[in-house]
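Below: one structure, written as structure tokens.
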Amino acid sequence: MTRDHLAGDIVELDRAFLEQVEATHLGRFRSVARGEVLYWQGDPVEAIFVVSSGSLKEYTLLQDGRACAYRILGAGGLAGATAYLLGHDHDTITQALDQALVLALQPSEFDDLLARNPRFASLLLQKLAQTAQSSADKARDLGFLDVQQRVMRSLMDLARQHGIATERGLEITTELTHEDIGELVAANRCTITVLLNKLQKQGLIWKQGRHWVVITPEHFQILDGLREAVVMARDWDAQELAERALAGNVDPMLALDALSGGMRQVERLYVAQELELADVIWSATVMKKAMNVIEARMVALGQQVHSLGTVVFGTVEGDIHDLGKNIVSMFLTARGFRVIDLGVDVPAERFVEAVRHHHPDILAMSALLTTTAQNARQVIQALEAAGLRSSVKVIVGGAPMTPHFATEVGADGYAPDAREAVALAWRLTQP
Ligand code: B1M
């Protein structure tokens, strides 16, 4: 069962479960104020709760005092049943995230329903199975996704389960603090603040009043599919998804970000020795094919705007990594720069020759190896020797580069990613 089916099923199941419990007229409604705790870790089980409206957060306090949230329960969510069925005290804290209404079932009522109401028993079983499934998914995410991907996935899951559709995306109707999100993805509040800003900049999420809105599930599914296609090196999927992305009006820049996210994941797996170099090559090939599909759209976007200047771009000598360069190049093209791509493994003389010939506004160099990054210095020295340094702004980027490194080799600027590279190029070309 895919994650999407699962999310759809959870919503359906929660609705059916709540209807079933309410139809029995058992239990007592109780209103819970925002922040109020229904029960603490270690409390005996006095009631089992079904959420009627609003939302609850279920979390545990770890020994070092950090909180780890398991899930957020919306209407139809069930709290306290696992501890009761296993015959021990509560091992989580359950607290209202907003004004909530819950139906409190006495243990005897719960037992009665279980024994006499087969529909209730069957729905309960499905709910427990789904809880186990989402815990397994979460454990898998912790192992394979980086924090940013986990944040995005959590928000998307919450939107699908507790969101309402708006014109541009899904609005999560629960008020979530950065701390709440951090507890869900096992990261601290500061990290979450940085990542939420990053996701907002990337156009994947935005704020509507006090609520988060995330892109539509269709777009997220395509983007997540692109990331996964790179990780799994699924050639056909990647091209098809890239085409679906364009047909479905997914922002092409988001599609490129998703492909890069896949490659970051490949690296983690490679470093953890779960992938061989051959797998990395396959993933890179898949990524390239999907990028080719997207490139045409990026070029078309760039043609719609007045040219902002010319950029001569290449990967430095000794380095054949070109995926990052190609993405930066596409972003620059889409923004309206004319990019002259010199390819990979470019010696200093070819950079100099291209500057002499094309009179670019910017010379851009990419380097991915610590060793080859030093070659950027040689290019700048060669430009100086040719008397061309003052005629062009030089920018550098790639994993081993830093702002400090850029200054040290005499470049005019450094950018950590494609978006920043576009902003930097734009700044440097302003009169
Ligand atoms: Co290579 N590789 N690789 N590799 N490879 C790295 C870079 C490495 C960090 C992996 C690792 O060991 N953890 C490591 C370098 C270690 C180091 O020096 N610090 C490494 C190594 C060692 C090697 C080989 C030596 C492996 C070998 O043969 N034993 C070999 C070197 C070959 C050579 O260049 N002479 C090699 C080969 C390869 C493949 C051919 C298999 C393949 C490249 C395929 C290709 O590019 N066509 C490959 C890949 C895919 C990687 C990793 C896994 C992913 C790189 C990538 O494409 N990322 C990589 C790990 C890593 O980088 N974390 C790794 C996706 C891409 C979109 O991101 O390139 O970072 P990135 O670009 C970003 C930003 O950096 C930035 O914006 C981009 C988009 O956001 N950016 C700029 C890039 N250029 C910019 C320029 C700018 C501004 C921003 O302004 C001008």
Side-chain angles (χ1 to χ4, degrees), residues 146 148 198 201-202 226-227 230-231 233 253-292 294 298 311-335 337 339-347 351 360-376 379-380 392-403 405-406 409 411-428:
D146 62 27
Q148 179 173 329
K198 219 167 152 188
K201 262 196 197 163
Q202 289 174 10
L226 279 172
R227 181 194 55 74
V230 170
V231 177
M253 300 203 187
L254 290 186
L256 291 178
D257 281 340
L259 293 170
S260 302
M263 212 61 221
R264 283 200 303 274
Q265 212 173 322
V266 166
E267 201 235 346
R268 277 196 302 281
L269 293 167
Y270 174 65
V271 170
Q273 297 186 335
E274 290 185 38
L275 288 182
E276 304 283 335
L277 188 58
D279 300 315
V280 180
I281 297 175
W282 267 114
S283 289
T285 313
V286 167
M287 175 161 171
K288 231 174 189 173
K289 287 189 177 167
M291 279 165 67
N292 287 343
I294 295 163
M298 301 291 275
V311 180
V312 161
F313 205 161
T315 303
V316 297
E317 187 167 17
D319 197 332
I320 61 161
H321 294 86
D322 67 352
L323 295 173
K325 167 184 70 63
N326 295 350
I327 287 191
V328 177
S329 165
M330 280 190 224
F331 270 59
L332 287 166
T333 308
R335 184 70 173 83
F337 285 94
V339 178
I340 294 155
D341 190 345
L342 303 181
V344 296
D345 189 16
V346 182
F351 277 114
D361 302 279
I362 288 180
L363 171 63
M365 286 183 274
S366 179
L368 264 286
L369 300 168
T370 317
T371 44
T372 59
Q374 294 300 330
N375 293 340
V379 175
I380 294 171
V392 67
K393 299 285 183 196
V394 178
I395 65 171
V396 292
M401 307 273 201
T402 60
F405 180 88
V409 297
D412 297 297
Y414 154 86
D417 58 34
R419 270 165 225 279
E420 298 280 332
V422 171
L424 175 64
W426 190 80
R427 269 201 314 278
L428 290 175

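Atoms within each ligand, like the ligands themselves, are counted from 1 in listed order.
- Of the polar atoms of D417, none of the N or O atoms is found under 3.5 Å from an N or O of ligand 1, judged by distance alone.
- Residue-ligand proximity, D319 to ligand 1, at heavy-atom distances under 4.0 Å covers atoms 34 (O).
- Here the heavy atom of the protein found nearest to atom 27 (C) of ligand 1 is L277 CD2, 3.9 Å.
- Counting only heavy atoms of the protein, atom 47 (N) of ligand 1 lies nearest to D322 OD1, 2.8 Å.
- Atom numbering of ligand 1 starts at 1 in the shown order; those under 4.0 Å from a heavy atom of A418 are 77 (O), 80 (O).
- Residue S283 places no heavy atom under 4.0 Å from ligand 1.
- Nearest protein neighbour of atom 67 (C) of ligand 1, counting heavy atoms only, is S260 OG, 3.5 Å.
- Among residue pairs with one or both ends in residues 274-286, none qualify as side-chain hydrogen bond (donor to acceptor under 3.5 Å, both in side chains); sequence neighbours excluded.
- Remark: ligand 1 atoms within the under-4.0 Å shell around heavy atoms of A399 are 75 (O).
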M298/L256 under side chain to side chain contact (heavy atoms under 4.5 Å, CB included): CA gap, chis, key distance, verdict: CA-CA 10 Å; M298 301 291 275; L256 291 178; 3.7 Å; yes
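- In this structure, the protein non-hydrogen atom closest to atom 34 (O) of ligand 1 is I320 N, 2.8 Å.
- When each atom of ligand 1 is checked for a heavy atom of A364 under 4.0 Å away, the hits are 91 (C).
- Near G318, the atoms of ligand 1 lying under 4.0 angstrom from a non-hydrogen atom of the residue are 33 (C), 34 (O), 35 (N).
- Considering M365, R419, R264 only, the shortest heavy-atom separation from atom 91 (C) of ligand 1 involves M365.
- Proximity of atom 56 (C) of ligand 1 to the protein is indicated by at least one non-hydrogen atom lying closer than 4.0 angstrom.
- D345 meets the side chain to side chain donor-acceptor pair (under 3.5 Å) test with no other residue; sequence neighbours excluded.
- Applying the 4.0 Å criterion to heavy atoms of I281 picks out, from ligand 1, the atoms 41 (C).
- Close approach to L323 involves these atoms of ligand 1, each under 4.0 Å from a residue heavy atom: 45 (C), 46 (O), 57 (O).
- Of all atoms in ligand 1, listed by their number and element, those nearer than 4.0 Å to a heavy atom of S366 are 83 (C), 84 (N), 85 (C).
- A heavy-atom separation below 4.0 Å is not found between V266 and ligand 1.
- Checking G324, G398, A415 against atom 69 (O) of ligand 1, the nearest heavy atom belongs to G324.
- Under the 4.0 angstrom criterion, atom 64 (C) of ligand 1 counts as having a protein heavy-atom contact.
- Heavy-atom distances between P400 and ligand 1 stay at or above 4.0 Å for every pair.
- The side-chain hydrogen bond (donor to acceptor under 3.5 Å, both in side chains) contacts involving residues 411-424 comprise D257-R419, R389-D412, where partners must be two or more places apart or lie in separate chains.
- Within a radius of less than 2.8 Å around atom 1 (Co) of ligand 1, the protein N, O or S atoms are H321 NE2.
- For atom 10 (C) of ligand 1, the nearest non-hydrogen atom from the set E267, Q265, R268 belongs to E267.
- When only interatomic distances are considered, the shortest N/O to N/O separation between T370 and ligand 1 falls below 3.5 Å.
- Within the 4.0 Å cut-off (strictly below), a protein heavy atom is located near atom 76 (C) of ligand 1.
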